[in-house]
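Atoms considered below: every heavy atom in the structure, side chains included; atoms not considered: hydrogens, waters and symmetry mates. Here is the naming used below: chain letters follow the sequence lines, and residue numbers restart at 1 for every chain.
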2 protein chains.
Amino acid sequence: MPKKVVPEGERRRRRPTRQGTVLSEKLIVETALRMLREHGGAGLTARRLGAALGADPSTVYRYFAGLDGLTRAIGEELMGRALDSWTATGEWRADLRSLGLAVHASYLAHPQAALLTASRVTGRPREIEVDETILGILRGAGFGDADAVGVYHAFIDLALAFAALDAGALAIKDEVREADEHMWTSTYARLPAETHPHIAATARLLAERMNDSAYPVVLDTLLGRAEGQLAATRKRAAAP
Amino acid sequence: MPKKVVPEGERRRRRPTRQGTVLSEKLIVETALRMLREHGGAGLTARRLGAALGADPSTVYRYFAGLDGLTRAIGEELMGRALDSWTATGEWRADLRSLGLAVHASYLAHPQAALLTASRVTGRPREIEVDETILGILRGAGFGDADAVGVYHAFIDLALAFAALDAGALAIKDEVREADEHMWTSTYARLPAETHPHIAATARLLAERMNDSAYPVVLDTLLGRAEGQLAATRKRAAAP
DNA sequence: CCGTTAAGGTCTACAGCGTTGGCATAAGGA
DNA sequence: TCCTTATGCCAACGCTGTAGACCTTAACGG
């Protein structure tokens with residue numbers, strides 16, 4: 001690696017590249033996101049990124065510790081966007097629901113990027129901010145610490161897990177275009193009733209359902225359970 | 001690619017390689033799984049696989065349409081193993097629970113492989129078999145077709161999504177060894193209470209919890225909801 | 001038992017990848 | 001204006017996936 005990676009805050013000399021662009025972490029991450037969207041998951045390479053930036057490929061290594069470091073920064077960016085698009089109302093269940101959907105939506109807006117990052121815990125600032133926010137909502141609503149941590153754990157993992165899964169489906173759709181899209185109506189609907197009676201009987205319903213995300217349903221289920229827990233806690237506290 | 005990929009069933013001439021091994025899809029998939037486990041996610045390359053098999057790297061292309069085809073076959077194998085390790089009891093909720101845990105466990109037994117495959121729907125035989133089994137359990141329990149499809153959708157996506165997420169955590173642990181493992185006790189526990197009061201207050205609980213999977217809890221939540229649905233359906237049917 | 005055929009293993013080659021160390025240059029403090 | 005050094009550029013290394021030509025030998029018909 002060229003000597004050392006200088007964190008964005010400490011950069012002083014902003015020399016433009018031969019082609020005139022002035023680089024920054026922000027610009028590189030945004031360009032990478034655009035490339036992922038336009039050229040697919042395998043389309044993000046150091047050389048291509050350099051070309052898109054108007055800079056030598058190796059320059060990127062002055063800003064990130066390898067493409068892997070860039071990947072983590074991209075994940076952080078998606079988390080930040082989720083947080084920025086979200087506003088609290090004070091009603092804990094509604095707030096958690098909208099925050100979960102915001103995270104999910106932010107990742108799905110860049111499926112290829114989501115696939116690369118959703119299963120990685122980075123521990124970077126905006127990610128920690130999300131965690132702090134969730135715990136704050138729960139503790140503010142009256143959950144005990146143990147319950148709050150339990151709900152938080154399930155909540156954040158659920159959001160990330162479905163982000164990754166649904167992003168995978170979307171990414172494949174984008175790349176294979178229509179080839180996989182109708183698999184539920186093609187492959188599955190053709191199975192004979194003798195060998196696969198249950199799939200055959202529900203084929204039409206399957207085709208309708210499988211192209212949507214199951215996330216909202218599962219999220220509501222989880223929040224409903226949490227609400228029950230909270231009510232039980234309050235009852236115990238009120239009449240001991 | 002060498003002419004054509006011949007499906008396993010139609011192979012006739014089983015010529016041993018120069019080094020004496022007799023190849024088959026099964027042997028290649030098993031070897032690939034072992035390599036993923038031993039050398040990590042980036043350790044599976046055509047050349048290394050060839051070496052491990054005692055064959056020329058390009059031979060693999062006679063069995064699979066590129067490494068991507070091999071990847072799909074690996075996913076299929078993991079699904080098959082889940083199914084083989086599972087036995088039905090006739091009690092729908094218990095059966096679904098154990099099947100979900102079996103799928104999750106099968107993937108987690110090969111975290112690196114799971115990461116490569118968990119977010120891909122292959123439409124291959126064993127995967128379809130799992131789908132048929134789930135739908136059979138639900139419809140046998142008395143769910144209406146629409147409800148059955150709804151629960152099935154959430155159930156299978158949940159299992160795969162958590163498999164991918166937890167596999168990601170495991171894979172990183174395996175590779176970075178201890179560096180990330182204690183992140184919850186290192187990074188998060190060091191945050192000052194002024195800026196992150198909620199994380200600070202629950203740091204100890206977080207550290208205990210975040211290294212386990214939230215899957216069983218979320219799965220039970222989903223199954224509980226399904227049970228409620230079923231009871232409502234029955235009540236409606238009994239007293240219209 | 002032999003001859004023919006083609007399945008399938010091997011060789012060679014190519015274009016592209018991530019990454020690095022050395023070098024050149026210009027930005028900004030003095 | 002000069003000096004320091006951050007930062008962009010260049011060339012190179014060892015690796016990758018995979019295509020196509022080639023060669024060997026298993027399997028089958030007679």
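Under the rule for a side-chain hydrogen bond (donor to acceptor under 3.5 Å, both in side chains), the partners of B:Ser98 that lie at least two apart in sequence or sit in another chain are B:Trp86. Residues passing the side-chain hydrogen bond (donor to acceptor under 3.5 Å, both in side chains) test with B:Glu129, sequence neighbours excluded: B:Arg126. With sequence neighbours excluded, the residues forming a ring-ring contact (aromatic ring centres under 6.0 Å, His included) with A:His104 are A:Tyr215, listed by chain and number.
Listed nucleotides: C:dT10, D:dG17, C:dG18. Nearest to the side chain of B:Thr17: C:dT10. Closest to the A:Asp56 side chain, of the nucleotides D:dG17, C:dG8, D:dC9, is D:dC9.
The nearest whole Å value for the distance from the CG atom in B:Leu44 to the P atom in D:dC15 is 17 Å. Distance, B:Met35 CE to D:dT16 C1': 13 Å, rounded to whole Å. When rounded to the nearest whole Å, the span between OH of B:Tyr61 and C1' of D:dG20 equals 14 Å. Atom-to-atom, CG of B:Leu70 to P of D:dT18 comes out at 10 Å; the value is rounded to the nearest Å. Put simply, CZ on A:Phe64 is 16 Å from C1' on C:dT19, counting in whole angstrom units. Look at CD on A:Glu25: it is 11 Å from P on D:dT7, rounded to the nearest Å.
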Using a cut-off of 4.0 Å between protein heavy atoms and nucleotide atoms, how would you tag nucleotides 23-28 of chain C 5' to 3' with B, S and -? -BBBBS
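Looking only at side-chain heavy atoms (C-beta outward), A:Tyr107 and A:Asp166 stay at 4.5 Å or farther from each other. Contact annotation: the side chain of A:Val218 never approaches that of A:Leu222 to less than 4.5 Å [non-hydrogen atoms, C-beta and beyond]. Looking at heavy atoms from C-beta onward, A:Arg11 lies out of side-chain contact with A:Ser24 at the 4.5 angstrom threshold.
In terms of phosphate contacts, A:Thr59 brings a side-chain nitrogen or oxygen within less than 4.0 Å of OP1 or OP2 of D:dC9. In this model, the phosphate group of D:dT7 is not approached by any side-chain N or O of A:Tyr63 to a distance below 4.0 Å at OP1 or OP2.
Sequence neighbours left out, not one pair with a member in residues 42-58 of chain B passes salt bridge (charged side-chain N to carboxylate O under 4.0 Å, His left out).
Residues from residues 46-55 of chain B with heavy atoms under 4.0 angstrom of DNA chain D, sorted by number: B:Ala46, B:Arg47.
In the interface, the side chain of B:Ser58 is paired with the base of C:dC11 through a donor and an acceptor atom under 3.5 Å apart.
With respect to the salt-bridge test (charged N to carboxylate O, under 4.0 angstrom), the residues A:Glu76 and A:Arg72 do not qualify. The pair B:Glu208-B:Arg204 does not meet the salt-bridge criterion, since no charged nitrogen lies less than 4.0 angstrom from a carboxylate oxygen.
Note on B:Thr45: only backbone sugar-phosphate atoms sit closer than 4.0 angstrom, heavy atoms only; bases stay farther off.
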